[in-house]
Amino acid sequence: MIHFIEAVMQYGFLQKALITSVMVGVISGVIGCFIILRGMALMGDAISHAVLPGVAISFMLGINFFIGAVITGILTAVGIGFINQNSRVKNDSAIGIMFTAAFAAGIILITFLKSSTDLYHILFGNVLAVRPSDMWMTLIVGVFVLVSVFIFYKELLVSSFDPIMSQAYGLPTKMIHYFLMILLTLVTVASLQTVGIILVVAMLITPASTAYLLTDRLSVMIGISATCGTISAIIGLYLSFTYNLASGATIVLVATALFFTAFIFSPKQGLLWRSIRTNKQKSAVS
């Protein structure tokens with residue numbers, strides 16, 4: 001650990017990687033809470049895959065991949081809603097149709113790129129190769145997402161827990177849904193350089209699921225989720241740098257380890273304490 005800290009103090013690329021990873025951990029954790037509360041984990045997976053053709057087109061045109069990825073991500077989210085609302089096809093089927101089609105199109109487009117290394121970095125991320133522009137883009141996205149959640153917290157809270165009540169209050173539930181999809185797309189694109197397309201859904205779902213096991217209050221859940229995302233980013237980057245491991249995969253595995261720790265030891269929901277309470281109840285009855 002001392003060697004890692006010294007390396008962070010010495011090398012600029014590692015400083016950018018650490019800052020970007022932490023920012024991704026925070027914003028993924030925050031948005032992830034609303035995603036799992038709404039039962040939209042599959043939507044997160046869909047958008048993370050759907051940005052691939054936009055990334056490929058951006059590489060071909062020589063522009064920042066952020067532009068193409070955001071456009072295709074939003075178009076996919078809108079397309080899923082359109083199919084669901086104008087046919088008998090259910091939401092999960094619409095998601096499966098759109099994200100597989102977009103991902104397949106991205107694979108075809110990506111074959112025209114000059115280097116296969118680009119495909120590897122897009123799919124699996126390479127946080128140690130983060131450029132200053134990537135870091136600033138992540139910062140801008142992070143600020144926008146956090147400010148948006150702060151301003152519209154009550155609307156997101158009500159619509160996430162009780163959509164029928166939110167409609168009764170006159171809240172524009174469809175608009176809130178698509179606004180959340182835009183935030184999800186922005187977070188997904190901001191996470192590409194860190195964990196890549198394939199693993200980004202894990203950073204959206206796993207820290208939030210960990211927090212979900214530890215509290216029943218949304219505000220506390222958001223804080224715990226963001227903390228888990230931050231811890232995963234720091235420890236994952238440390239292990240990646242120290243043992244020459246894939247950064248994105250390492251960060252995700254750390255987040256998964258935190259989840260299983262909560263799954264077993266959580267005071268209310270943990271497997272261990274539930275087993276102890278069950279045994280105590282059986283002993284009391286007998």
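Computed from a predicted model, the values in this text were never measured in an experiment.
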Quick one: pull up CZ in Phe65 and CG in Leu52 and give me the separation to the nearest 0.5 Å. 12.0 Å

Could you give the distance from CZ (Phe144) to CD1 (Ile182), rounded to the nearest 0.5 Å? 7.5 Å

Residue pair Thr188, Leu204: steps toward the side-chain contact (heavy atoms from CB on, under 4.5 Å) verdict: CA-CA 8 Å; Thr188 299; Leu204 287 167; 4.1 Å; yes

Scan residues 202-238 for pairs that pass ring-ring contact (aromatic ring centres under 6.0 Å, His included), counting only residues two or more places apart or in two chains. Phe4-Tyr238

For the hydrophobic clusters of this structure (ILVMFWY residues joined by side-chain heavy atoms under 4.5 Å, transitively), does one cluster hold both Val130 and Phe59? yes

Is any side-chain heavy atom of Val141 less than 4.5 Å from a side-chain heavy atom of Met137? yes

At what distance, to the nearest 0.5 angstrom, does CD of Glu155 lie from CG of Leu171? 6.0 Å

Decide side-chain contact (heavy atoms from CB on, under 4.5 Å) for Leu18 and Leu14; before the verdict, give the C-alpha distance in whole Å, the side-chain angles of both, and the deciding distance to 0.1 Å. CA-CA 6 Å; Leu18 182 61; Leu14 202 54; 5.9 Å; no

Do Leu184 and Leu180 have side chains that get closer than 4.5 Å, going by heavy atoms? no

Under 4.5 Å between any side-chain heavy atoms of Gln269 and Leu214, yes or no? no

CD1 of Ile224 to CG of Leu258: how many Å apart, nearest 0.5 Å? 12.0 Å

Share the residues that join Phe260 in a hydrophobic cluster, the rule being Ile, Leu, Val, Met, Phe, Trp or Tyr side chains under 4.5 Å apart at the heavy-atom level. Leu213, Phe259, Phe263, Ile264, Phe265, Leu271, Leu272, Trp273, Ile276

Kindly state each residue pair satisfying side-chain hydrogen bond (donor to acceptor under 3.5 Å, both in side chains) with at least one member in residues 54-72, sequence neighbours excluded. none

Is Val145 reachable from Met23 through a run of I, L, V, M, F, W or Y residues, each pair having side-chain heavy atoms under 4.5 Å apart? yes

Only pairs at least two apart or in different chains count here, so list each side-chain hydrogen bond (donor to acceptor under 3.5 Å, both in side chains) that has a residue in residues 133-153. Arg131-Asp134

Under 4.5 Å between side-chain heavy atoms, counting indirect links through other Ile/Leu/Val/Met/Phe/Trp/Tyr residues: same cluster for Leu157 and Val220 or not? no

Check: Ser28 side chain, Gly25 main-chain N or O, donor-acceptor pair, under 3.5 Å: no

Judged by atom type as modelled, is there a donor-acceptor pair below 3.5 Å linking the side chain of Ser225 to the main-chain atoms of Met221? no

Same cluster (ILVMFWY, side-chain, under 4.5 Å), Phe152 and Met175: no

Determine whether His3 and Thr242 make a side-chain contact, defined as any pair of heavy atoms from C-beta on separated by less than 4.5 Å. no

Testing the 3.5 Å rule here: is there a donor-acceptor pair between the side chains of Arg274 and Ser266? no

Quick one: pull up CG in Leu186 and CD1 in Ile140 and give me the separation to the nearest 0.5 Å. 11.5 Å

Using the rule given for side-chain contact (heavy atoms from CB on, under 4.5 Å), can you reason through Leu146 versus Phe150, listing the C-alpha separation, both sets of side-chain angles and the distance that settles it, and then say yes or no? CA-CA 6 Å; Leu146 295 179; Phe150 178 78; over 6 Å; no

Does Ser159 reach the side chain of Arg38, with side-chain heavy atoms less than 4.5 Å apart? yes

Short side-chain to backbone donor-acceptor contact, Ser48 and Asp45, under 3.5 Å: yes

Ile80 side chain near Thr76 side chain, heavy-atom distance below 4.5 Å: yes

Between OG on residue Ser232 and CE on residue Met203, distance to nearest 0.5 Å: 5.0 Å

Hey, could you give me each pair passing ring-ring contact (aromatic ring centres under 6.0 Å, His included) that has a residue in residues 70-92? Not counting sequence neighbours. none

Does Met43 form a side-chain contact (heavy atoms from CB on, under 4.5 Å) with Ile95? I'd like the steps, not just the answer. CA-CA 7 Å; Met43 178 65 84; Ile95 290 173; 4.3 Å; yes

Pairs satisfying ring-ring contact (aromatic ring centres under 6.0 Å, His included), at least one member in residues 6-53, at least two apart: Tyr11-Phe13, His49-Phe99, His49-Phe103

Find out if a path of hydrophobic residues (ILVMFWY) with successive side-chain heavy-atom gaps under 4.5 Å connects Ile47 to Ile27. yes

Just wondering, do Met40 and His177 contact through their side chains at under 4.5 Å, heavy atoms? yes

